[in-house]
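Working notes, beginning with the structure itself.
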Amino acid sequence: MSFVKEFNLLPLAGLVKYSLAASAADASESLAKGTLSLSDFARLISPAAAELLEPLCRRSQQLTQQRFGKVIRLFAPLYLSNECINNCKYCGFSRDNPILRVTLSVEEARREARSLMAHGFRNILLVSGEHPKFVSSGYLAECVRALHEEVPSVSLEVGPMEAEEYRPIVQAGADGLVVYQETYARSVYADMHTAGPKRNFEWRMETPERAYAAGFRRLGIGALFGLSDWRFEALSVAAHADYLLRHCWKAQLTISLPRLRPCAGEFQPLTRMNDRELVQLVCAFRLMFPDVGLVLSTREPAKLRDGLVLLGITLMSAGSHTEPGGYTGAGREKLHHTERGRIVELGASEWASAGPDVHATGQFDIADDRSPQEVAELIRKLGYEPVWKDWDAALVRVEE
Ligand code: SF4
């Protein structure tokens, strides 16, 4: 049975109500348990549990140090393309946004990767919009093959594909696939995704299972907080993680907790999750899933990220750019607009008005603009070790 079938049977609305009605005593009881159910998780993200934030943080910190050591793994996103055939109301790359677009060549991607390696990164996440014409499975496999010659760990966050399309990418050396459901609320999902294949809610939800079948060893999931009620989203992510841990148990699992950031199109979040609630959620995920990696991106401001290093996060991006060519300026001379899948070159007046610093448009504005070295230094100051390498092919061979 796929997760979609399980998801359809879940009493999620009831669990949200249960969470809202939980008492401090209920939350304390769940906090003291060794193994948690989805109902316990609902209690830990309750308004009542917000009053227990200190003990929740202590337990989360203790569990994280016990399972992962005092270590924060660092990674960097490398945007390959901002072409997209979907319209997602909250995303700057949406098809109908009149932004500057580019798809990097394999060599340009290699240049970007080398720049990241010079900063220390050995764990790179290749990101792109969804556009089969510009970002095909073959193109992605070529990029992975070229980068994996030098970068030990290459993962992807790209448009969902069939398992057969993923296989050549895995064979080329990719080890992880990240796909956020964005929102688990069907009606909100339908409203947010107005055009393109992404409208298919269930196809997207089954993506981690197809990725696992194709051989990916690391799977990443998450919701984009700001589209629907955060407790509903968190419970759905927890149920999804629980399913994947049971059915895709050979893969390592990570959960990301992105909150919506400003982007082209000026979309405003529909719901709010404040900083304290984000901290509470990180701790609740840690208690529910002691061995799952928790990921925090540069969407969050420096001060909050620094605090979360101590509380349960295990993987962070640093020094990120969300536009293709952002690290080296690669692809600048190919910038264009795209209309109905056709490239429209920039006219001389557009180049002139764009100014000398013209570059492809980013997906969203980042909130922590410190350099990778500054982030690594801060991690050290907090008594943790920054680790640049997430995966070693040699270890895989020994395990096999
Ligand atoms: S969220 Fe992804 S699929 Fe949607 S417009 Fe942005 S890049 Fe395209």
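Start at 1 and go down the list; that is how both ligands and their atoms are numbered. For clarity, every value in this text was computed on a predicted model and none was experimentally measured.
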* Do any protein N, O or S atoms sit under 2.8 Å from atom 8 (Fe) of ligand 1, and which ones are they? -> Cys84 SG
* Asked: Can you say whether the rings of Tyr327 and His321 are parallel (under 30°), tilted (30 to 60°) or perpendicular (over 60°)?
  -> perpendicular
* **Separation between CD of Glu162 and OG1 of Thr207, rounded to the nearest 0.5 Å** => 9.5 Å
* Determine, stepwise, if the pair Ser128 / Ser81 fulfils side-chain hydrogen bond (donor to acceptor under 3.5 Å, both in side chains). => CA-CA 5 Å; Ser128 84; Ser81 172; 5.6 Å; no
* Is there side-chain contact between Cys143 and Val106, with heavy atoms separated by less than 4.5 Å? -> yes
* Test log, rule side-chain hydrogen bond (donor to acceptor under 3.5 Å, both in side chains), inputs Tyr212 and His247 -> CA-CA 9 Å; Tyr212 182 68; His247 293 268; over 6 Å; no
* Structure fact -> Sorted by chain and number, sequence neighbours left out, side chain to side chain donor-acceptor pair (under 3.5 Å) with Glu51 holds for none
